Trainee: 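Below is the structure I would like to discuss, written out as structure tokens.
Since we're looking at a predicted model, the values are computed, not measured. Sequence lines set the chain letters: A, B, ... in the order given, protein chains first and strands last, and positions in each chain run from 1.
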Number of protein chains: 2
Amino acid sequence: MTDSRPRRRSERARVAILEATNVLLHDHGLENLSIEEIAATAGVGKQTIYRWWPTRPALVADALLHRDDLAPLLPKDTGDVVKDLSRWAGGLAESLGSDRGAATLRMLTAAATEHPEISRRLHERFSGPLQETAYERLSAAKEIKATPAQRRHAVDAIIGGMVYKVLSHQKLTRAGAAETVRIVLRGLGASV
Amino acid sequence: MTDSRPRRRSERARVAILEATNVLLHDHGLENLSIEEIAATAGVGKQTIYRWWPTRPALVADALLHRDDLAPLLPKDTGDVVKDLSRWAGGLAESLGSDRGAATLRMLTAAATEHPEISRRLHERFSGPLQETAYERLSAAKEIKATPAQRRHAVDAIIGGMVYKVLSHQKLTRAGAAETVRIVLRGLGASV
DNA sequence: GCCCAAACGAGACGCCGCGTCTCGTCTGAG
DNA sequence: CTCAGACGAGACGCGGCGTCTCGTTTGGGC
């Protein structure tokens, strides 16, 4: 992991490009995003973009990673797994269920679909931490007797259920997400 | 709903366009799909495409709907809900878990992300029937005591869990899907 | 079987964004 | 202070876009 970069990269340009990308992503959508307009908006030469990002999806991924309003919502630990995960899923549902949240989730999905490497980076930052902490919270609960694989499946069912509802334009509510958590946890042997 | 179309549309051209689209979709992917190449491949004038399809996503959706190898896999009814849904989910997982199946699912997702109307049509044909028959199979089972909303959440968790695994590049296996079904159905009160 | 409007195949057109390139200027590490 | 390399700006050829205009084919109505 040797950092072989004696290069004098302009931080000002880098940030301007990422922020311009996010603005135009929000205004015109992923489909109508043009490098020319990003450069013009950021007050930057096109070459400066092509110098540092190999492809458009790579730039989009970096722009999404640069957003500071997308910190993943993580479950608390009060000792009551069912309550903790229900509240966590409820909050997540409220966030992803809003117009803005749903639009962002669809954009993340579309960007991830374009390139496996982009998918990996976005997952590492967004859905990964969600999965991991929910899994750990589940593993710490004494009342749940399940194999690690079963816990993984349970977490995926909860998160996947929400993602699926958004992608298929179904309603995603706080109450519905909490209900899903209750069903899945009961299936893992928790008393609900 | 008056059908005001005394128009003499060429069936030959229509089919050639849809099939050329599917071929190019498979060869170059959604991102590199060009109308020019579709027209050339189908042996058709560009105007013939623009005359009948308003946008590129609309054409992609019709092409996917025209594929006859994508008939949704539906659960049987042998009287044993757990076994029926486990096998169904297992088959679905095997199909979606293959390289080709996963690629198709990602393409469907990407196409659906581009436009709400496209999303609605694809859902109506593919995920919709899956949801509905799984829901009905669940409702017919006497051993399951749950509200309609709970059944919906359960179905979404099962299907969503699989979709999520594919989109996040996790392994999707027959056994894993069956295990997820067992967890969720146990959560609905079934004895597993 | 004839007619004719509409759909067809072909391709030219202007436009725009792509990715590359070449300027002259700016800047920061040594 | 120096100078290599990043920078802003924008010209360039290319290719696909969506529209248009040809002349030809086709199929429903008479």
Side-chain angles (χ1 to χ4, degrees), chain A residues 2-63 66 107 110-111 114-115 117-118, chain B residues 2-63 66 107 110-111 114-115 117-118:
Chain A
T2 54
D3 192 358
S4 57
R5 279 193 261 160
R7 312 213 241 179
R8 295 174 293 113
R9 179 172 192 174
S10 162
E11 182 67 7
R12 194 209 121 268
R14 195 190 122 260
V15 171
I17 290 166
L18 294 176
E19 292 180 348
T21 301
N22 276 320
V23 168
L24 297 176
L25 225 33
H26 176 265
D27 289 355
H28 310 334
L30 180 62
E31 304 309 310
N32 305 316
L33 187 70
S34 87
I35 301 285
E36 303 242 349
E37 196 176 5
I38 293 172
T41 303
V44 140
K46 286 201 290 173
Q47 189 63 257
T48 303
I49 296 180
Y50 287 109
R51 185 176 299 120
W52 300 106
W53 288 276
T55 62
R56 207 189 63 144
L59 170 56
V60 171
D62 268 5
H66 184 256
M107 192 171 299
E114 286 187 346
H115 195 290
E117 172 63 13
I118 309 304
Chain B
T2 56
D3 191 359
S4 57
R5 277 194 261 161
R7 310 215 241 180
R8 298 173 293 116
R9 180 171 190 175
S10 161
E11 181 68 7
R12 194 208 119 268
R14 195 189 124 260
V15 171
I17 291 166
L18 294 176
E19 291 180 349
T21 302
N22 276 320
V23 168
L24 297 176
L25 225 32
H26 176 266
D27 288 355
H28 309 334
L30 180 62
E31 304 309 309
N32 305 317
L33 186 70
S34 86
I35 300 286
E36 305 244 351
E37 197 177 4
I38 293 172
T41 303
V44 139
K46 285 200 293 172
Q47 189 63 259
T48 302
I49 297 180
Y50 286 110
R51 186 178 297 120
W52 299 106
W53 287 277
T55 63
R56 207 188 63 144
L59 171 56
V60 171
D62 268 4
H66 184 257
M107 193 171 298
E114 286 187 346
H115 195 289
E117 172 63 12
I118 309 304

Trainee: Using five pairs at either end of the helix from C:dG1-D:dC30 to C:dG30-D:dC1, determine the angle between the two local helix axes and round it to 10 degrees.
Mentor: 30°

Trainee: For A:H66, what residues pass the side chain to side chain donor-acceptor pair (under 3.5 Å) criterion, not counting sequence neighbours?
Mentor: none

Trainee: Show the distances under 3.5 angstrom between N or O atoms of the protein and N or O atoms of nucleotides 18-20 of chain C.
Mentor:
from   : atom 1 : to    : atom 2 : distance (Å)
C:dC18 : OP1    : A:I35 : N      : 3.0
C:dC18 : OP2    : A:I35 : N      : 3.1
C:dC18 : OP2    : A:E36 : N      : 3.0
C:dG19 : OP2    : A:Y50 : OH     : 2.7
C:dG19 : N7     : A:K46 : NZ     : 3.0
C:dG19 : O6     : A:K46 : NZ     : 2.6

Trainee: Please find the pair of heavy atoms, one from B:V60 and one from B:A111, that lie closest to each other, and give the distance.
Mentor: CG1-CB, 4.1 Å

Trainee: Please name the pair of heavy atoms, one in B:A39 and one in B:G45, separated by the smallest distance, quoted to 0.1 Å.
Mentor: CB-C, 4.3 Å

Trainee: Which heavy atom in A:L30 sits nearest to a heavy atom in A:A110, and how many Å separate them?
Mentor: CD2-CB, 3.7 Å

Trainee: Return the set of residues passing salt bridge (Lys or Arg N to Asp or Glu O under 4.0 Å) with A:E19 (not counting sequence neighbours), or none when no residue passes.
Mentor: none

Trainee: With sequence neighbours excluded, tell me which residues meet side chain to side chain donor-acceptor pair (under 3.5 Å) with A:N22.
Mentor: none

Trainee: Enumerate the salt bridge (Lys or Arg N to Asp or Glu O under 4.0 Å) contacts for residues 41-50 of chain B, please, sequence neighbours excluded, ordered by first and then second residue.
Mentor: B:E36-B:K46

Trainee: Quick one, which residues of residues 10-26 of chain A touch DNA chain D with a heavy atom under 4.0 Å?
Mentor: A:S10, A:R12, A:A13

Trainee: Using the test side chain to side chain donor-acceptor pair (under 3.5 Å), find all partners of A:E117 that sit at least two apart in sequence or belong to another chain.
Mentor: A:R120

Trainee: Once side chain to side chain donor-acceptor pair (under 3.5 Å) is applied, do any residues pair with A:H28, and if so which ones, sequence neighbours excluded?
Mentor: A:E37

Trainee: Please confirm whether the shortest side-chain N or O distance from A:W52 to OP1 or OP2 of D:dG5 is below 4.0 Å.
Mentor: no

Trainee: How long is the line joining CZ of B:R9 and P of C:dG9, in whole Å?
Mentor: 11 Å

Trainee: Residues in salt bridge (Lys or Arg N to Asp or Glu O under 4.0 Å) with A:E114, at least two apart?
Mentor: A:R56

Trainee: Could I get a table of every N or O pair under 3.5 Å where one atom is in the protein and the other is in nucleotides 24-26 of chain D?
Mentor:
from   : atom 1 : to   : atom 2 : distance (Å)
D:dT26 : O2     : B:R8 : NH1    : 2.5

Trainee: Just jot down the salt bridge (Lys or Arg N to Asp or Glu O under 4.0 Å) partners of B:E31, sequence neighbours excluded, or say none.
Mentor: none

